[in-house]
*Asks:* 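Okay, handing you the structure first.
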Amino acid sequence: MKWLLLVLALIAGLVVAVMLPAVQEDMQRKQVQAALAAAKRLAPQLAAYREIHQRWPATLTEAGLEGGFYDAEHGQSGVLQWHASRAELSAQFDDIKGAAVYYRAVSGSESGMLWRCSQRGLPERASHWHLDCESLGR
C-alpha cells in the first residue's frame, strides 16, 4: 500500500512539473495581450485629445482616461503608464521580470495617428503568441 501511495505521489509530481510551465506561459501571454488591448483602446482617445488641444496630455488623468488593464481569466491586472515627452504608453509586468511592451505614436496621417508597438524582454516563446506587436530592438 505504501508503494502505491509513493507511485501515485510521484505521478502527481510529474504531472505538475510538466503542466506548470505551460500554465505560467499562458498567464504571461494573457497579461501581455490585456496590456496591448488596453493600449490600443487608449491610443485613439489620446490622439483625439492631441487633435483638440494641439498637445499631448501630461497624464492619462488629464485626458480623462484610466490606464488599467485586467485579465479576468487569471485575475491579473496592471497599469499602463503614459510618457507625454515620448508619446508612449508602456506596461511592465510583475510576472515577467524585465519585460515591457510599448505603444508609441510615430506620426500623423490623413486617417489619424499611426502607432507602433514594440516589446523588450518577453520570453523566447513569445514569438509564438501572435501578439500583433513587432519587436523594434528598443
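These numbers come from a predicted model, not from an experiment.
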*Asks:* Quick one: pull up CG in L89 and OH in Y102 and give me the separation to the nearest 0.5 Å.
*Replies:*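 Atom-to-atom, L89:CG and Y102:OH are 12.5 Å apart.
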*Asks:* When rounded to the nearest 0.5 angstrom, what is the spacing between CG in L122 and CZ in R120?
*Replies:*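 Going from the CG atom of L122 to the CZ atom of R120 covers 9.5 Å.
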*Asks:* I need the S90 OG to Q119 CD distance, nearest 0.5 Å.
*Replies:*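 Here the interatomic distance stands at 14.0 Å.
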*Asks:* Can you tell which of R29, Q24, E25, Q28 makes a side chain to side chain contact (heavy atoms under 4.5 Å, CB included) with I96?
*Replies:*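 Of the listed residues R29, Q24, E25, Q28, the side chain to side chain contact (heavy atoms under 4.5 Å, CB included) partner of I96 is Q28.
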*Asks:* As a quick check of understanding, evaluate salt bridge (Lys or Arg N to Asp or Glu O under 4.0 Å) for E66 and R41, giving each step before the final call.
*Replies:* CA-CA 11 Å; E66 292 183 18; R41 185 185 74 247; over 6 Å; no
*Asks:* Applying side-chain contact (heavy atoms from CB on, under 4.5 Å), can you list everything that pairs with A91, at least two apart in sequence or on another chain?
*Replies:*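 Testing A91 for side-chain contact (heavy atoms from CB on, under 4.5 Å), a comparison that skips the adjacent residues, returns A35, F69, L80, F93.
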*Asks:* Around E51, counting heavy atoms of other residues, nucleotides and ligands shown, do more than 12 lie under 6.0 Å from its CD?
*Replies:*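 Not more than 12 within 6.0 Å, no.
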*Asks:* Taking all non-hydrogen atoms of both residues into account, name the closest pair between A47 and M113 and its distance.
*Replies:*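 Taking every non-hydrogen atom into account, CB-CB, 3.7 Å.
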*Asks:* Starting at CG of D26, measure out to CD of Q33 and round the result to the nearest 0.5 Å.
*Replies:*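 The distance works out to 8.5 Å.
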*Asks:* Which pair of heavy atoms, one from L60 and one from G67, lies closest together, and at what distance?
*Replies:*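 Scanning both residues completely, I find the closest heavy atoms to be CD1-CA, 3.6 Å.
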*Asks:* Is the shortest distance from a Lys or Arg side-chain nitrogen in R116 or E88 to a carboxylate oxygen in the other one below 4.0 Å?
*Replies:*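 Here R116 does not pair with E88 in a salt bridge, since their nearest N and O are not under 4.0 Å apart.
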*Asks:* So how far is it from L65 CG to W82 CH2, rounded to the nearest 0.5 Å?
*Replies:*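 Interatomic distance, L65 CG to W82 CH2, rounded to 0.5 Å: 9.5 Å.
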*Asks:* Decide yes or no on side chain to side chain contact (heavy atoms under 4.5 Å, CB included) for R50 and R55, but give the supporting numbers first.
*Replies:* CA-CA 5 Å; R50 183 174 186 256; R55 66 175 180 81; 5.9 Å; no
*Asks:* Flag the pair Y103 / S118 as yes when at least one side-chain heavy-atom distance between them is below 4.5 Å, and no otherwise.
*Replies:*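 Not touching, per the 4.5 Å side-chain cut-off.
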*Asks:* W56 and A84: which non-hydrogen atoms are nearest, and at how many Å?
*Replies:*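 The pair with the smallest heavy-atom distance is CD1-O, 4.1 Å.
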*Asks:* For W115 and K40, run side chain to side chain contact (heavy atoms under 4.5 Å, CB included): C-alpha distance rounded to whole Å, both residues' side-chain angles, the deciding distance at 0.1 Å, then the answer.
*Replies:* CA-CA 9 Å; W115 295 80; K40 289 177 182 181; over 6 Å; no
*Asks:* How close do Q81 and Q92 get, heavy atom to heavy atom, and via which atoms?
*Replies:*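 That would be OE1-OE1, 3.9 Å.
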